[in-house]
Amino acid sequence: MSSPQHPSASAPAVRATGPAPTIGVRRSSRGLGLPLVVIMGLAALAVPRIIAHDLGLVDPGSLANTALAVLPLVVWVVVAMLWSRRPLLSLFVAGGLLGVALALIHNLSWGAVFGDDPPSLGGALQGVLAPGLEEAVLRGAGTISSLVTGLATGVVCGLIAWGLQALVRASGGRLPV
């Protein structure tokens, strides 16, 4: 008479450690779609234009200014389209980092940009606040504007990358992700 086998005796061993790792993408980067260092690199691509603009190193309507403004965003879209499983989130985060860079650089270059003639509040608020408080309010507004600009840029680029991924897949094309 043979003894009944335990049900797990013949079943293959299965590890319950979570999803299988994705080749080429560290597990910590899956949530963002790209490794954080790549997202930080994408945001850093836009920094030269911020500096060049704030310090007046390029004319606003010049080809150099256009290249500094557009080419980093084209790189964002291409990288996210080809290698991100979550392009909208990847570029939203890159946009947030861009917003932080915009805010930091604008505030650091404040004196170089405005010199002895800083901006001031107008209308009913003109002259109401102490000069230091007025500057703090204007810098705060500039910081909020920078963050919103960066996030909006990330969302628009992310939607473009996501849409291009969808078009490629719908047409039977294959992407690395």
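Numbers here are sequence positions counted from 1. From a predicted model like this one, the values you see are computed outputs, not experimental measurements.
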Item to check | Cluster link Val75 to Ile39, ILVMFWY, side chain under 4.5 Å | outcome: yes

Item to check | Whether Asn107 side chain and Ala103 backbone form a donor-acceptor pair below 3.5 Å | outcome: yes

Checklist entry - What's in the same ILVMFWY side-chain cluster as Leu159, cut-off under 4.5 Å, chained through other members? => result Leu88, Phe92, Leu151, Val155

Next on the checklist: So, using side-chain contact (heavy atoms from CB on, under 4.5 Å) as the criterion, who are the partners of Asp54 when residues are at least two apart?
Outcome noted: Ile50, Ile105, His106, Ser109, Val113

Checklist entry - side chain to side chain contact (heavy atoms under 4.5 Å, CB included) with Cys157: which of Leu42, Val74, Leu73? => result Leu73

Checklist entry - Between Glu134 (side chain) and Leu125 (backbone), is there a donor-acceptor pair under 3.5 Å? => result no

Item to check | Considering all heavy atoms, the nearest Pro48-Leu45 contact | outcome: CD-O, 3.4 Å

Checklist entry - For Ala43 and Leu97, which heavy atoms make the closest approach, and how far apart are they? => result CB-CB, 3.6 Å

Side chains of residues 169-177: which donor-acceptor pairs under 3.5 Å do they make with residues two or more places apart or in other chains?
residue, atom, partner, partner atom, Å
Arg169, NH2, Val177, O, 3.1
Ser171, OG, Leu167, O, 3.2
Ser171, OG, Val168, O, 2.9

Checklist entry - Linking Ile, Leu, Val, Met, Phe, Trp and Tyr through side-chain heavy atoms less than 4.5 Å apart, which residues share a cluster with Leu147? => result Val100, Leu104

Item to check | By salt bridge (Lys or Arg N to Asp or Glu O under 4.0 Å) - contacts of Arg139 (at least two apart) | outcome: Glu135

Checklist entry - Rest of the hydrophobic cluster containing Leu63 (Ile/Leu/Val/Met/Phe/Trp/Tyr, side-chain heavy atoms under 4.5 Å)? => result none

Checklist entry - Do you know which two heavy atoms are closest between Leu89 and Gly31, and how far apart they sit? => result CD2-O, 2.9 Å

Checklist entry - Taking all non-hydrogen atoms of both residues, which atom of Ala67 and which atom of Pro72 are closest, and how far apart? => result O-CD, 3.6 Å

Next on the checklist: How close do Leu34 and Ser90 get, counting heavy atoms only, and between which atoms?
Outcome noted: N-OG, 3.6 Å

